[in-house]
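I have placed the structure first, in the form of structure tokens, so that the comments after it can refer back to it.
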Amino acid sequence: MANPLRFLVVDDFSTMRRIVRNLLKESGFSEADEAEDGVVALQKLRNGNFDFVVSDINMPNMNGFQLLAEIKKDEKLKHIPVLMVTAEARKEDIVLAAQQGAAGYIVKPFTKATLEDKLIHILKKTGLQ
């Protein structure tokens, strides 16, 4: 059964965006859009109706931390959970993500099970599921 939640997948690599979208679809989340950096993501978030953001940290123009900060200071967007994704498991990044209000953090490469577990935990915690 498909879940009606709308996701925005933000990553500067189109292959990674496609992988995340496919994993979301396999997990029952078929409503997903993409953005190649934080600038595009913020425009889409302000113009669209999204329930969840899955964002890479290292991107050009506006990185994941900058995007997270913009989301959290926007009254219309601050309720949206943001799952941070990165290739580097640096403790300071994990701490910074938590301090800035990220709903969670996963390290690439990750499996469908890892993504699903994290999403379900966040959705329950935020009351979206």
Side-chain angles (χ1 to χ4, degrees):
M1 187 178 124
N3 189 308
L5 291 177
R6 293 203 58 219
F7 283 77
L8 182 60
V9 179
V10 189
D11 198 299
D12 52 328
F13 287 107
S14 60
T15 304
M16 194 63 206
R17 292 194 305 266
R18 192 170 59 245
I19 289 168
V20 173
R21 280 184 75 165
N22 287 338
L23 291 174
L24 287 169
K25 192 175 273 188
E26 288 172 23
S27 300
F29 303 103
S30 57
E31 291 291 316
D33 195 359
E34 299 179 11
E36 61 270 12
D37 63 35
V39 174
V40 176
L42 204 53
Q43 285 175 333
K44 288 191 174 201
L45 286 165
R46 288 184 171 142
N47 296 326
N49 186 18
F50 293 93
D51 303 297
F52 205 108
V53 175
V54 179
S55 177
D56 187 25
I57 289 178
N58 298 315
M59 298 178 290
N61 303 322
M62 181 189 287
N63 69 33
F65 287 126
Q66 293 165 320
L67 173 61
L68 178 63
E70 289 296 319
I71 290 170
K72 292 303 170 189
K73 71 181 187 188
D74 188 313
E75 280 301 313
K76 292 187 181 85
L77 303 177
K78 68 181 186 183
H79 67 282
I80 300 173
V82 179
L83 176 61
M84 306 298 280
V85 179
T86 187
E88 299 159 36
R90 294 201 322 241
K91 190 169 188 238
E92 58 270 25
D93 284 350
I94 297 168
V95 170
L96 184 59
Q99 286 173 337
Q100 288 190 348
Y105 189 101
I106 52 177
V107 179
K108 299 178 202 174
F110 51 85
T111 63
K112 177 185 166 209
T114 302
L115 180 63
E116 237 173 48
D117 288 349
K118 193 62 89 167
L119 288 175
I120 289 166
H121 174 75
I122 294 167
L123 293 173
K124 283 184 179 161
K125 195 169 78 177
T126 57
L128 286 169
Q129 191 162 1

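Throughout, residue positions are numbered sequentially from 1 according to the sequence presented.
- Expressed to the nearest 0.5 Å, how far CD1 of I106 lies from CG of L119 amounts to 7.0 Å.
- A distance of 5.0 Å separates OH in Y105 from CD1 in I94, rounded to the nearest 0.5 Å.
- The structure places CD of E88 at 5.0 Å from CG of N58, a figure rounded to the nearest 0.5 Å.
- Note: the hydrophobic cluster containing F65 does not contain V85 (ILVMFWY, side chain heavy atoms under 4.5 Å, direct or indirect links).
- Residues satisfying the side chain to side chain contact (heavy atoms under 4.5 Å, CB included) criterion with K112, sequence neighbours excluded, are L23, E26, S27, E116.
- No chain of hydrophobic side-chain contacts below 4.5 Å, direct or via other Ile, Leu, Val, Met, Phe, Trp or Tyr residues, connects V54 to M62.
- Between L8 atom CG and E31 atom CD the span is 12.5 Å, to the nearest 0.5 Å.
- Interatomic distance, CG of L67 versus CE of M84, reported as 7.5 Å (0.5 Å rounding).
- Under the 4.5 Å side-chain heavy-atom criterion for Ile, Leu, Val, Met, Phe, Trp and Tyr, V95 and L83 are members of distinct hydrophobic clusters.
- Minimum heavy-atom separation, T126 to L123: OG1-O, 3.3 Å.
- By the side chain to side chain donor-acceptor pair (under 3.5 Å) test, D51 pairs with no residue at all, sequence neighbours left out.
- Atoms CG and CG, on L68 and N63 in that order, are 10.0 Å from each other to the nearest 0.5 Å.
- Cluster membership for M16 and V82, using ILVMFWY side-chain heavy atoms within less than 4.5 angstrom, is not shared.
- Hydrophobic clustering (ILVMFWY, side-chain heavy atoms < 4.5 Å, transitive): I57 and I71 are in one cluster.
- Applying the side chain to side chain donor-acceptor pair (under 3.5 Å) criterion to D12, with sequence neighbours excluded, gives no partner residue.
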query = Would L45 and D74 satisfy side chain to side chain contact (heavy atoms under 4.5 Å, CB included), going step by step from the backbone distance to the final call?
reply = CA-CA 10 Å; L45 286 165; D74 188 313; over 6 Å; no
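- Annotation for A103 and K125: closest pair O-NZ, 3.6 Å, computed over non-hydrogen atoms.
- Closest non-hydrogen pair, V10 versus G38, comes out as CG1-N, 4.2 Å.
- For the side chain to side chain contact (heavy atoms under 4.5 Å, CB included) test, residues two or more places apart in sequence or in another chain that qualify with R21 are V9, A32, E34.
- Contact detail for N49 and R6: the closest heavy-atom pair is O-NH1, 3.3 Å.
- Listed by chain and residue number, nothing satisfies the side chain to side chain donor-acceptor pair (under 3.5 Å) test with N22 (two or more places apart in sequence, or in another chain).
- A search for side chain to side chain donor-acceptor pair (under 3.5 Å) contacts involving K78 returns E75, not counting sequence neighbours.
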